[in-house]
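Notes follow the structure.
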Amino acid sequence: MTDDYEHYEAVVVGAGPGGAAAAAVLARNDVETLVLERGVEAGSKNVTGGLIYAEESAPYTIDGLFPDFREEATERPVTDYYLHNVAGEKVKTFDITDLHEHDTEWSDAVLRRKMDSWMADRVHEMASETGGGLLTDVRVNGLLREDGEIAGVTCDELDPIRADLVVAADGVNSELARDAGLMDWEDPDEWFQGVKAVVDVPEDVIAERFGVGEDEGAAHLFSGDLFEDVRGGGFVYTNEDSLSIGSVFHLDSIVEQEAEPHQLLDNLLTHPLLADWLEGHYDEVEYSAKLVPDSKKAALRSPHEGRLLVVGDAAGQMQAQGPIIKGMNHAVSAGALAGEAFAEAKLRGEPDQAGDLYERKLRDEGVMGKLRPKGYRVASALGERDSVANLTDSLLTSSVGRTAVSLFGGTLERLYSSPTLSQIVPDTRTPYVTLPTVIAEELGERVSGEADFEPKDLAARIGDLTYDTDVGNPHIELRDASVEASGAAVYACPVSARDFGGGCYREETVKTNGSEQKRVSLDTQPCVECGTCAVVADTDWEHPRGGKGVEYKEG
């Protein structure tokens, strides 16, 4: 160790919503703040579905921190919200706008490259006034420790940096949360995997086909047999002149069903409803993927260690409120509360107490109660038992269950819009597959659209992405190449498939001493840095160096 290392009062790692919120609050409290971002520009490494919410009950909202945010950084307000229950070509649509508007001040569709880069410019201006600023192309690879205590961060591109506070806003694959022993990748059931296609559609076509005006937008969700037996669903969000079309599934369900994420997305793209919306305008400009934490299981109750405070996806702070996913708004609240906690602790002359104060603020402001609702713990303890789940599915698919669905269709729509029930739905096939399929079969109407396009294949999707490959420095190493240990990555990786040789993972037959053995091989060049393989395969996984790897233009 040397006394020559640079020192800042606060180092914020990651310039997404959580990092931007933390930096803004710190800078406004005259805390010398340095923000480090590994992408070539903020947002170039980030993906969202995505809608950002401003909740009426939240301690902070993004437009409260950045007043011009909605005018400059978002796509469309979301004014209509629908859930489509699907059984083949039969669809029953529920209007769940009431659920969407519960505790909602506003909600806008966003694309991360546009949004994050706009916020980063504001953050750099604010932090520069305190003697800090924002640096891109810098990967923070770990924590600097002195005498066993966290003292700052280490980087690939810079010398270590000391800090009185480190805010880890480095996303779902956080090196810092793992380095501190706060987060691991051991359990697939703690994660969702999302894949998305951004499809260019002219503004006037969106207005006509979705029935929205200039300051209006729509969100459409899909569940049922469209995705076979995988637990999850699809979404379509209207941007200004494009559509975000994607799917989000429980990662353990993808592994159990041996499903291929790109094919699940294609199932949605070619459904008759999408065929009508996209007719003559299927122009897919970007394919992307990411892991998403299930806060009910993964949110850190004590998201801090020493001088390290963890916010956003890095702390598992993503809320699945039934069919509605809220993450970025909670990252904003958490980041701002982390900055507030340090500023208050510093004012008291006790900066080392910032972590405890941050944890208390998350609890007292109601953030933790939303991320880990008590009702879910009770409902899941019974409802997620295999015997109960199987019995529920059997009852729903029986003549008695189908009759009940037919009789109480209107009641079901109201139940789907219940904020209380949406937080406690057990994680089983029932809400994702069985119930919506029966609803569509008994109450749905047949749709007849036929896609006039073939979705892009994986080779084209990978080829359309921008990469700065770090030749000679692979960021993932396969520790165990056996099919038993790592074979799930061949189909669960969003840029791999069993019959595709151009992705990250592939299964090969190796001949040794006259015998044949199947092995898994890895090529990190097409990697979209989602982190899936870190959970489902035996790997050493880290982010590429600053500015290297995939660069998203939309996000």
| Donor-acceptor contact below 3.5 Å, side chain R479 vs main chain T539 | yes
| said: Can you see whether E340 engages Y358 through a side-chain donor-acceptor pair at a distance of less than 3.5 angstrom? | reply: no
| request: For the residue pair Y237 and F235, categorise the inter-ring angle as parallel (less than 30°), tilted (30 to 60°) or perpendicular (more than 60°). | output: parallel
| request: Indicate whether the side chain of N239 and that of S244 have a donor and an acceptor atom separated by less than 3.5 Å. | output: yes
| said: Between T238 and A218 (side chain of the first, backbone of the second, donor and acceptor by atom type, cut-off under 3.5 Å), is there such a pair? | reply: yes
| message | Under 6.0 Å between ring centres: does that hold for Y82 and H220? | response | yes
| query | Heavy-atom count around E445 CD within 6.0 Å, excluding the residue itself: above 12? | reply | no
| message | Taking the side chain as everything from C-beta on, heavy atoms only, tell me whether Q319 gets closer than 4.5 Å to K296. | response | no
| Electrostatic pair R348:E344 at N-O distance under 4.0 angstrom | yes
| message | With a 4.0 Å cut-off on N to O distance, would you call E260 and R498 a salt bridge? | response | yes
| said: Taking G217's backbone N and O only, do any of them form a donor-acceptor pair with T79's side chain (distance below 3.5 Å, no angle check)? | reply: yes
| field | Output field: ring centroids H330/Y53 closer than 6.0 Å | value | no
| Passes ring-ring contact (aromatic ring centres under 6.0 Å, His included), F249 versus F227? Steps please. | CA-CA 9 Å; F249 297 99; F227 307 108; 5.0 Å; yes
| message | Checking the side chain of H100 only, and the main-chain atoms of V78 only, is there a donor and an acceptor separated by less than 3.5 Å? | response | yes
| query | How about L83 and S223: do any of their side-chain heavy atoms sit closer than 4.5 Å? | reply | yes
| Taking atom types as modelled and ignoring hydrogens, do the side chains of D480 and S486 form a donor-acceptor contact shorter than 3.5 angstrom? | no
| request: Decide salt bridge (Lys or Arg N to Asp or Glu O under 4.0 Å) for D108 and R76; before the verdict, give the C-alpha distance in whole Å, the side-chain angles of both, and the deciding distance to 0.1 Å. | output: CA-CA 5 Å; D108 288 358; R76 284 177 182 264; over 6 Å; no
| request: Taking T532 for its side chain and A492 for its backbone only, find out whether a donor-acceptor pair lies under 3.5 Å. | output: no
| field | Whether T97 side chain and Y81 backbone form a donor-acceptor pair below 3.5 Å | value | yes
| said: Set out, in order, the CA-CA distance, both residues' side-chain angles and the distance that settles salt bridge (Lys or Arg N to Asp or Glu O under 4.0 Å) for E529 and K290, then state yes or no. | reply: CA-CA 7 Å; E529 301 167 33; K290 68 167 293 186; over 6 Å; no
| query | Is the side chain of S418 donor-acceptor paired with the backbone N or O of L415 at a distance under 3.5 Å, no angle test? | reply | no
| After noting the C-alpha distance and the side-chain angles of R429 and D386, does the key distance pass the salt bridge (Lys or Arg N to Asp or Glu O under 4.0 Å) rule? | CA-CA 10 Å; R429 286 183 72 255; D386 288 343; over 6 Å; no
| Worked verdict on H250 versus D189 for side chain to side chain donor-acceptor pair (under 3.5 Å) | CA-CA 7 Å; H250 286 271; D189 67 344; over 6 Å; no
| Pair S482-K518, side-chain donor/acceptor within less than 3.5 Å | no
| Y416 vs F94 aromatic rings, parallel, tilted or perpendicular, using cut-offs 30° and 60°? | tilted
| field | Close side-chain approach of S496 to R506, heavy-atom, < 4.5 Å | value | no
| Can D427 and S380 be said to form a side chain to side chain donor-acceptor pair (under 3.5 Å), step by step? | CA-CA 7 Å; D427 175 17; S380 62; over 6 Å; no
| Using the ring of each side chain (for Trp, its six-membered ring), is F210 parallel, tilted or perpendicular to W277, with breaks at 30° and 60°? | tilted
| field | Under 3.5 Å donor-acceptor, D294 side chain and W191 backbone | value | no
| Going by atom types only, do T434 and D393 share a side-chain donor-acceptor pair under 3.5 Å? | yes
| task | Decide, yes or no, whether a salt bridge links D252 with R231 under the criterion of side-chain N to carboxylate O below 4.0 Å. | result | yes
| query | With a 4.5 Å limit on heavy-atom distance, are the side chains of C493 and C533 in contact? | reply | no
| request: For the pair Y491 (side chain) and V255 (backbone), establish whether a donor and an acceptor sit closer than 3.5 Å, ignoring hydrogens and angles. | output: yes
| Below 4.5 Å, heavy atoms only, C-beta onward: do L182 and E305 meet side chain to side chain? | yes
| query | Does any donor atom in the side chain of Q263 or N267 lie under 3.5 Å from an acceptor atom in the other side chain? | reply | yes
| Check: M183 main-chain N/O paired with R178 side-chain donor or acceptor under 3.5 Å | no
| request: Starting from the C-alpha separation in whole Å, work towards a yes-or-no answer on side chain to side chain donor-acceptor pair (under 3.5 Å) for Y287 and E554. | output: CA-CA 9 Å; Y287 175 75; E554 303 286 342; over 6 Å; no
| query | Between E359 and S302, is any side-chain donor less than 3.5 angstrom from a side-chain acceptor? | reply | yes
| request: Before giving the answer on salt bridge (Lys or Arg N to Asp or Glu O under 4.0 Å), spell out for R402 and E442 the whole-Å C-alpha distance, their side-chain angles and the decisive distance to 0.1 Å. | output: CA-CA 7 Å; R402 291 178 180 277; E442 298 302 317; 3.0 Å; yes
